[in-house]
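For reference, positions follow the sequence shown, starting with 1.
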Amino acid sequence: RLVSIVIFLATLYVVWKALGELSGEGHPIQWMTTIFIALLPGLTDTMTSISNDAGAVLAFSIFLWIGISILNHGLTWKRLLGLSVILVIGYFTKNTTIPAFPLTFFLILFAIFKNKSRWLPIAITGGVIILAILFSIRWGDPSFWYRVSNQPQPTRVKTGKAPFGEYVFKIEITLFLHRHLK
């Protein structure tokens, strides 16, 4: 538990420094936010328990601090090295730090185009978001349909026997589903 408390205190320090980068040293939001985070009951409980959650929160907090520093002061080899090291540490700490990897792409993209035209990284970010939405939709299923079965065929099927329109639901009840629906 003592190690977790030290990690929690280190996280609060990193939050303090990151907010100093973001809002300027000595700004009231720096100490108010740090105290607010220190007094969150759920975070305090998680950060003082014996688990790898405390290390993951610290790793992601350091990632955010380095990211803010890169966006404010530019990309240097020291910051890039620190970013790489913290990504590796976060990866081996817990899988909840995995979102840092795609965020790194956007971080470096905006850092490269910091003093150049801003429309290009914004357009690339918008395109990635649109593509992510398009690839996350299952085109063979009805809209907002949560699939409970593991059938390989789509649940939306075109047929001439549809009571309304051209499509019907086609759900195959497997032995697995049959046992859970009883």
Taking all atoms of both residues into account, what is the closest heavy-atom pair of A54 and I7, and its distance? O-CG2, 3.3 Å
Any side-chain to backbone donor/acceptor pair from T97 onto G90? Under 3.5 Å, distance only. yes
Testing the basics here: between E21 and H73, what is the closest heavy-atom pair and its distance to 0.1 Å? OE1-NE2, 3.0 Å
Measuring from atom CG of L58 to atom CG of L9, what distance do you get when rounded to the nearest 0.5 angstrom? 11.0 Å
Measure the spacing between OG of S23 and CE of M32 and express it to the nearest 0.5 Å. 9.0 Å
Over all atoms of both residues, closest heavy-atom pair of G67 and L107: O-CD1, 3.4 Å
F92 atom CZ: more than 12 heavy-atom contacts under 6.0 Å: no
Is it true that a side-chain atom of K114 and a backbone atom of L71 form a donor plus acceptor pair closer than 3.5 Å? yes
Determine the minimum heavy-atom distance between I68 and A18, stating which atoms define it. CD1-O, 4.1 Å
Could you grab the distance from atom CG of N72 to atom CG of L22, nearest 0.5 Å is fine? 7.0 Å
May I ask you to test the W65-V15 pair for a side-chain heavy-atom distance under 4.5 Å? no
Non-hydrogen atoms of A100 and L87 that approach each other most closely: CB-CD2, 3.6 Å
To the nearest 0.5 Å, how far apart are CG in L83 and CD1 in I62? 11.5 Å
Hey, what do you get for OG1 (T104) to CD1 (I86), rounding to the nearest 0.5 Å? 11.0 Å
Closest non-hydrogen atom pair, A56 against T96: CB-OG1, 3.8 Å
Is there a side-chain contact between T46 and V57 in this structure, where contact means two heavy atoms from C-beta onward sitting under 4.5 Å apart? no
Is there a path of hydrophobic side-chain contacts, each under 4.5 Å between heavy atoms of I/L/V/M/F/W/Y residues, joining I112 to I124? yes
Quick one: do L12 and W31 end up in the same hydrophobic cluster if we chain Ile, Leu, Val, Met, Phe, Trp and Tyr together by side-chain heavy atoms under 4.5 Å apart? no
Say whether, by atom type as modelled, one donor and one acceptor occur between the side chain of R79 and the main chain of G74 under 3.5 angstrom. yes
Could you please spell out the steps behind the side-chain contact (heavy atoms from CB on, under 4.5 Å) verdict for L103 and F60? CA-CA 11 Å; L103 289 175; F60 203 83; 4.1 Å; yes
Within a reach of under 6.0 Å around CD1 of I29, are more than 12 heavy atoms found that belong to other residues, nucleotides or ligands? no
Residues passing the side-chain contact (heavy atoms from CB on, under 4.5 Å) test with Q30, sequence neighbours excluded, are W16, L19, E25
Transitive ILVMFWY side-chain link F105 to W119, under 4.5 Å: yes
Pairwise distance CG(L43) to CG(D53) - rounded to 0.5 angstrom: 10.0 Å
Side chains of Y167 and T159, heavy atoms from C-beta outward: is any pair under 4.5 Å? no
Is a side-chain donor or acceptor of N52 paired with a backbone partner of K94 at a separation under 3.5 angstrom? no
F106 atom CZ, over 12 foreign heavy atoms within 6.0 Å: yes
Run the side-chain contact (heavy atoms from CB on, under 4.5 Å) test against F113 and tell me which residues pass, sequence neighbours left out. L109, K116, L120, P121
Going hydrophobic residue to hydrophobic residue with side-chain gaps under 4.5 angstrom, can you get from F8 over to L2? no
Are I35 and Y13 in one and the same hydrophobic cluster, where Ile, Leu, Val, Met, Phe, Trp and Tyr link if side-chain heavy atoms are under 4.5 Å apart? no
